[in-house]
Every structure is written in C-alpha cells, then in structure tokens.
Visitor: 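The following block contains the structure, expressed as structure tokens.
Every heavy atom of this structure was used, including side-chain atoms; hydrogens, water molecules and symmetry mates were not.
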Amino acid sequence: MATTFNLNGEAVSSDAPEDALLLWVLRERLEMTGTKFGCGRGACGACTVHLDGEAVRSCRLRLSRVAGRDVTTIEGLSPDRSHALQQAWVDEQVPQCGYCQSGQLMQAASLLAENPSPSREEIVTHMDGVLCRCGTYGRIIRAIQRASDETAAAAAGRSG
C-alpha cells in the first residue's frame, strides 16, 4: 500500500515499505537529493528536513510516520533560492565543501520560523548537533544573524 504525504507543498505517494527510512525514500524514489546521508544515526544533521515545520533527522524517520503530514526538503525551502537564509549563506560565504549545508539551512530555517530574532546563544543552542567538518560555525552564526536582521528590516519596511 502506498504512503501519501505532502512534499514541498505537493501531494506525493510512495510504494516503499512503511518501515523504509524517509531519507532513502526522498533520495532514491522521489529524487530529492539535496537531503544528504551523513552518519545514519541522526547525530550529524546532514539529513535534516522539516516535518510539519519542525526540523527532524530523516535518516531515523520511518516512512509510516509521515503519512498525511507535511515534509519540506531543501528543495522546498525556496524553489528559486530566494529565502533570506540562502542569500545570507552566500553573502557570508558559509559553504566550503557544502555537504552539510542543506541540513544546516533546514535547521536554521526552523529556528527562524519559531524565533525570528534569536540571540547568538539561542542560535548556537539550536544549531548544536548539526555538524560541519569544515568548521564554518562562525560564518553559519553570522549568516543566521544576517537573515534574521534582513527579514526584520524587510518586515519593518512593509509595515512602515
């Protein structure tokens, strides 16, 4: 029996076994390859996606758990790459190897969705557990702060 859920705003079905891991369903069956395999234990964060708006590790999530729910991958964060975080990533020159970036961006997007103006400490706490082998943590923090500031400035411009 197929499992149906919303992926990046569109209804999709997968005939993968219900106990299949969402990461592999996304990558191999639905061709959403922006979500990366890192450790397979949920410890590195490379596989982070949003489930009903909350950051989760897709390498530990069974397909049966997403039935009828909303899943957002990096491809769905902003199809035209115009999300404030994506632009801040470029402006702060965050990526080096780039492998962890989709997980970093999805984790950061969940933070800004629940807390549009986080402190540095809140950023560090929320991003803890999403690993970057290149060590660009300072740039990641600056990019999140930049996106937060630019989003707030744009909102103030719309209301003023």
Visitor: Taking atom OG1 of Thr35 and atom CG of Leu26, what is their separation to the nearest 0.5 Å?
Guide: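 Spacing of OG1 (Thr35) from CG (Leu26) equals 5.5 Å.
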Visitor: Sequence neighbours left out, what pairs pass ring-ring contact (aromatic ring centres under 6.0 Å, His included) with at least one residue falling in residues 24-79?
Guide: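 Found Trp24-Phe37.
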Visitor: Determine yes or no for a side-chain-to-main-chain donor-acceptor pair under 3.5 angstrom, with Thr151 supplying the side chain and Ala147 the backbone.
Guide: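 The answer is yes, because a donor-acceptor pair under 3.5 Å joins these two groups.
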Visitor: Not counting sequence neighbours, list each pair that qualifies as a ring-ring contact (aromatic ring centres under 6.0 Å, His included) and has a residue in residues 101-145.
Guide: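 Listed once each, the pairs would be none.
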Visitor: Among the clusters formed by ILVMFWY side chains lying less than 4.5 Å apart, do Leu77 and Met127 turn up in the same one?
Guide: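 Same cluster.
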Visitor: Can you confirm whether Val49 sits close enough to Met32 that some side-chain heavy atom of one is under 4.5 Å from a side-chain heavy atom of the other?
Guide: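 With C-beta onward as the side chain, the pair stays apart.
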Visitor: For Asp15 and Ala2, indicate whether the former's side chain and the latter's backbone hold a donor-acceptor pair under 3.5 Å.
Guide: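 No, because the side chain of Asp15 does not come within donor-acceptor range (under 3.5 Å) of the backbone of Ala2.
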Visitor: According to ring-ring contact (aromatic ring centres under 6.0 Å, His included), does anything in residues 55-81 pair up with another residue at least two apart or in another chain? List the pairs.
Guide: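 ring-ring contact (aromatic ring centres under 6.0 Å, His included) check on residues 55-81 returns no pairs.
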Visitor: Flag yes if more than 12 heavy atoms outside Glu122 fall under 6.0 Å of its CD atom; otherwise flag no.
Guide: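 Result for CD/Glu122: enclosed.
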Visitor: Mind checking the CZ-OG spacing from Arg27 to Ser58? Nearest 0.5 Å is all I need.
Guide: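 Going from CZ on Arg27 over to OG on Ser58, the span is 9.5 Å.
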Visitor: Considering all heavy atoms of both residues, which atom of Ser148 and which atom of Leu112 are nearest to each other, and what is their separation?
Guide: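 Reported closest heavy-atom pair: CB-CD2, 4.0 Å.
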Visitor: Between Thr48 and Arg57, does a side chain to side chain contact (heavy atoms under 4.5 Å, CB included) hold up when you go through it step by step?
Guide: CA-CA 5 Å; Thr48 302; Arg57 305 299 192 255; 3.2 Å; yes
Visitor: Please go through Val130's hydrophobic cluster and name the other residues, only I, L, V, M, F, W, Y counting, with side-chain heavy atoms under 4.5 Å joining them.
Guide: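 Grouped by the 4.5 Å side-chain rule, Val130 forms a cluster of one, so the answer is none.
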Visitor: Tell me whether Leu131 is reachable from Tyr99 by hopping between hydrophobic residues (I, L, V, M, F, W, Y) whose side-chain heavy atoms are closer than 4.5 Å.
Guide: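 No, Tyr99 does not connect to Leu131 through the hydrophobic network.
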Visitor: Would you give the length of the straight line joining atom OG of Ser110 to atom CG of Leu105, rounded to the nearest 0.5 angstrom?
Guide: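 Going from OG on Ser110 over to CG on Leu105, the span is 11.0 Å.
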Visitor: What residues form a side-chain contact (heavy atoms from CB on, under 4.5 Å) with Asp19, not counting sequence neighbours?
Guide: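 If we apply the side-chain contact (heavy atoms from CB on, under 4.5 Å) test to Asp19, skipping adjacent residues, the hits are Pro17, Arg62.
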Visitor: When you measure from the side chain of Ser14 to the backbone of Thr3, do you find a donor-acceptor pair of N or O atoms at a distance under 3.5 Å?
Guide: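 No.
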Visitor: Quick one: pull up SG in Cys59 and CZ in Arg41 and give me the separation to the nearest 0.5 Å.
Guide: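 These two atoms lie 9.0 Å from each other.
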Visitor: Which atom pairs, donor and acceptor, lie under 3.5 Å between side-chain atoms of residues 81-92 and protein residues at least two apart or in another chain?
Guide:
unit_1: Ser82; atom_1: OG; unit_2: Ser78; atom_2: OG; d: 3.2
unit_1: Ser82; atom_1: OG; unit_2: Asp80; atom_2: OD1; d: 2.6
unit_1: His83; atom_1: ND1; unit_2: Leu85; atom_2: N; d: 3.0
unit_1: Gln86; atom_1: OE1; unit_2: His83; atom_2: N; d: 3.3
unit_1: Gln87; atom_1: NE2; unit_2: Asp91; atom_2: OD1; d: 2.9
unit_1: Trp89; atom_1: NE1; unit_2: Gln101; atom_2: OE1; d: 2.3
unit_1: Asp91; atom_1: OD2; unit_2: Arg146; atom_2: NH1; d: 3.3
unit_1: Glu92; atom_1: OE1; unit_2: Arg142; atom_2: NE; d: 3.3
unit_1: Glu92; atom_1: OE2; unit_2: Arg146; atom_2: NE; d: 2.9
unit_1: Glu92; atom_1: OE2; unit_2: Arg146; atom_2: NH2; d: 3.0

Visitor: Kindly give the heavy-atom pair with the smallest separation between Ile140 and Cys132, and that separation in Å.
Guide: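 Scanning both residues completely, I find the closest heavy atoms to be CD1-CB, 4.4 Å.
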Visitor: To the nearest 0.5 angstrom, please state how far the CD1 atom of Ile144 sits from the CG atom of Asp149.
Guide: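 The CD1 atom of Ile144 sits 12.0 Å away from the CG atom of Asp149.
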Visitor: Evaluate the side-chain proximity of Cys97 to Arg133: yes if any heavy-atom separation is below 4.5 Å, no if none is.
Guide: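 Side-chain contact under 4.5 Å: no.
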Visitor: Is the number of heavy atoms from other residues, nucleotides or ligands under 6.0 Å of Gln93 CD greater than 12?
Guide: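 Atom CD in Gln93 is not packed in, count stays at 12 or less.
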Visitor: Is Phe5 reachable from Leu23 through a run of hydrophobic residues whose side-chain heavy atoms are each under 4.5 Å from the next?
Guide: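 No, no single cluster joins them.
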Visitor: Leu30 and Ser13: which non-hydrogen atoms are nearest, and at how many Å?
Guide: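 That closest heavy-atom pairing would be CD2-O, 4.3 Å.
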Visitor: Leu21 and Arg60: which non-hydrogen atoms are nearest, and at how many Å?
Guide: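 That would be CD2-C, 4.0 Å.
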Visitor: Please report the interatomic distance CZ(Arg69) to CG(Leu61), rounded to the nearest 0.5 Å.
Guide: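 Rounded to the nearest 0.5 Å, the CZ-CG separation comes out at 7.5 Å.
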Visitor: Do you know which of Thr72, Asp70, Val56 makes side-chain contact (heavy atoms from CB on, under 4.5 Å) with Leu51?
Guide: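 Result: among Thr72, Asp70, Val56, Val56 is the only option passing the side-chain contact (heavy atoms from CB on, under 4.5 Å) with Leu51.
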Visitor: Indicate the atoms forming the closest heavy-atom contact of Arg120 with Ile141, along with that distance.
Guide: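 Scanning both residues, the minimum pair turns out to be NH2-CD1, 3.7 Å.
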